[in-house]
Amino acid sequence: MARSHDAVMAGEALGRIGSLEVRLARDEAEIAAVQEVRFRVFYEELGARRTAFHSLETRDADRFDALCDHLLVVDTALPGPDHRRIVGTYRLLRQEIAAKAGGFYSNDEFELQSLVARHPGQRFLELGRSCVLKEYRSKRTIEILWQGIFAYINHHAIGVMTGCASFHGTEPAAHAEALSYLAHHCRTEPQWDVRAVRHRYCAMDLMPREAVNAKSAIAALPPLIKGYLRVGARIGDGCVIDHDFGTTDVFIVMPVAEIGARYMNYYGAEAERFAA
């Protein structure tokens, strides 16, 4: 187990599929490259709103970047140094780091702090800023990201994973069936419930339960949300409109103990194979 810990902390490979490799960012150059990847996806592709800062920069950056660990996928088949071969990323913020920094990123949208307070025996991890370059949006990229996440949560003894996941656009009604499906079929158990903050709360149950066609609703879910649900995640109460990023956000809650055994065995075993 010690070698697994060393691999995580040293930024060594935590998984590999074909030419893709997953690990933590090792230095400032790689974090800067991750911010450039996020900018390409969020601002150039998806049309997030540029602030005065972003009008001069080509990076998506905020104060949390210096606090977080950055999981990245590198395509080793691409030319150039590693920091120019990054094709996907996740930002990881542990509870103890968030506490020192004044809270989680998601606190602006959801009452995450109250959920954390109700579970003092758990260690929470916030997943955020997930993005993959368009040409790499495939099952294998998602799988290798999960290998890295499982190695990370095992290393840090994480009990609960949380974070926002998004629908594109700022009109919940445009996603009425998918949001209603989440509200009626995918809500958290009471002990894990978390609500959108009062002044930003938007209802998700826009259609009655009997009017929702499950097949078409699931097909309309963003791939990231479908992936979370497949692993065993549940959804909090209410959605939030993020005008800066042009998204409608829902909240994901994944107690590690409730993740399906077959996913724990598959992703955990694959991660340990490279990290051990």
Side-chain angles (χ1 to χ4, degrees), residues 38 42 46 48-49 60 62-65 67-68 90-131 149 153 158-176 178-206 221-222 224-229 231-256 258-259:
R38 293 186 341 214
F42 297 142
L46 300 178
R49 188 166 66 184
D60 167 55
D62 64 20
R63 71 179 184 88
F64 288 91
D65 280 324
L67 307 170
C68 295
Y90 250 110
R91 191 166 75 174
L92 310 175
L93 179 58
R94 302 194 310 276
Q95 178 179 343
E96 59 269 30
I97 305 299
K100 295 175 183 176
F104 289 99
Y105 175 85
S106 300
N107 286 352
D108 286 343
E109 296 190 1
F110 294 90
E111 296 174 351
L112 174 54
Q113 210 55 49
S114 66
L115 176 64
V116 172
R118 298 202 311 270
H119 295 275
Q122 297 283 356
R123 299 185 74 190
F124 281 72
L125 173 70
E126 183 183 55
L127 307 175
R129 284 299 204 276
S130 169
C131 71
I149 290 169
I153 65 173
I158 299 298
V160 187
M161 293 183 281
T162 63
C164 295
S166 303
F167 290 81
H168 188 59
T170 57
E171 295 293 337
H175 307 285
L179 287 171
S180 298
Y181 174 82
L182 295 179
H184 294 309
H185 298 284
C186 305
R187 289 275 287 108
T188 55
E189 297 296 325
Q191 68 268 31
W192 296 111
D193 205 15
V194 58
R195 182 180 171 89
V197 297
R198 184 186 301 272
H199 66 285
R200 302 185 69 179
Y201 182 97
C202 296
M204 293 196 303
D205 54 346
L206 303 177
L221 290 171
L224 182 64
I225 294 178
K226 280 194 279 194
Y228 283 142
L229 295 177
V231 174
R234 308 300 283 176
I235 306 295
D237 179 13
C239 58
V240 170
I241 296 171
D242 185 337
H243 289 285
D244 288 337
F245 279 87
T247 58
T248 299
D249 299 342
V250 298
F251 199 72
I252 304 294
V253 181
M254 286 183 285
V256 173
E258 296 180 17
I259 292 175

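- Between E111 and V197 there is a side-chain heavy-atom pair separated by less than 4.5 Å.
- Note: I158 CD1 to M254 CE = 11.5 Å, rounded to the nearest 0.5 Å.
- Contact detail for F42 and S130: the closest heavy-atom pair is CZ-O, 3.8 Å.
- The closest side-chain heavy-atom distance from I241 to P172 is below 4.5 Å.
- A donor atom on one side chain and an acceptor atom on the other are found under 3.5 Å apart for D249 and S166.
- Between the R38 side chain and the D60 main chain, a donor and an acceptor come within less than 3.5 Å of each other.
- Atom CG of L112 is separated from atom OG1 of T162 by 4.5 Å, given to the nearest 0.5 angstrom.
- Using a 4.5 Å cut-off on side-chain heavy atoms (C-beta onward), M161 and I149 make contact.
- Side-chain contact between H184 and D205 is present, with heavy atoms from C-beta onward closer than 4.5 Å.
- Residues Y90 and R129 are not in side-chain contact: their nearest non-hydrogen atoms beyond the backbone lie 4.5 Å or more apart.
- For the pair V240 and F251, the minimum side-chain heavy-atom distance is 4.5 Å or more.
- Taking every heavy atom of both residues into account, L224 and A165 meet most closely at CD2-CB, 4.5 Å.
- A donor-acceptor distance shorter than 3.5 angstrom exists from the side chain of E126 to the backbone of S106, with no hydrogens or angles considered.
- Atoms CG and CG, on L179 and L221 in that order, are 8.5 Å from each other to the nearest 0.5 Å.
- The heavy-atom pair separating R118 from W192 by the smallest distance is NH2-C, 3.9 Å.
- Using a 4.0 Å cut-off between charged nitrogen and carboxylate oxygen, D242 and R49 do not count as a salt-bridge pair.
- We find the CD1-CE distance between I235 and M204 to be 6.5 Å, quoted to the nearest 0.5 Å.
- A cation-pi contact, defined as under 6.0 Å to the ring centre and within 45° of the axis, links R195 to Y201.
- Under the 4.5 Å side-chain criterion, counting only non-hydrogen atoms from C-beta, P255 is in contact with V253.
- Rounding to the nearest 0.5 Å places CG of L127 at 9.5 Å from CD1 of I252.
- At a threshold of 4.5 Å between non-hydrogen side-chain atoms, the residues L46 and F245 do not count as touching.
- A cation-pi arrangement is absent between R63 and Y105 under the rule of less than 6.0 angstrom and at most 45 degrees off the ring axis.
- Here the CZ atom belonging to R200 is positioned 11.0 Å from the SG atom belonging to C239, to the nearest 0.5 angstrom.
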Let's go through I153 and V256 carefully: what are the C-alpha distance in whole Å and the side-chain angles of both, what is the deciding distance for side-chain contact (heavy atoms from CB on, under 4.5 Å) to 0.1 Å, and is it a yes or a no? CA-CA 9 Å; I153 65 173; V256 173; 4.1 Å; yes
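- Counting all heavy atoms, side chain and backbone alike, F110 lies closest to G238 at CE2-O, 3.4 Å.
- Under 3.5 Å, the side chains of E171 and T248 contain no donor-acceptor pair of N or O atoms.
- Between the side chain of R187 and the backbone N or O of D193 there is no donor-acceptor pair closer than 3.5 Å.
- For the side-chain contact (heavy atoms from CB on, under 4.5 Å) with F124, the qualifying choice from H119, E96, R94 is H119, the only one to do so.
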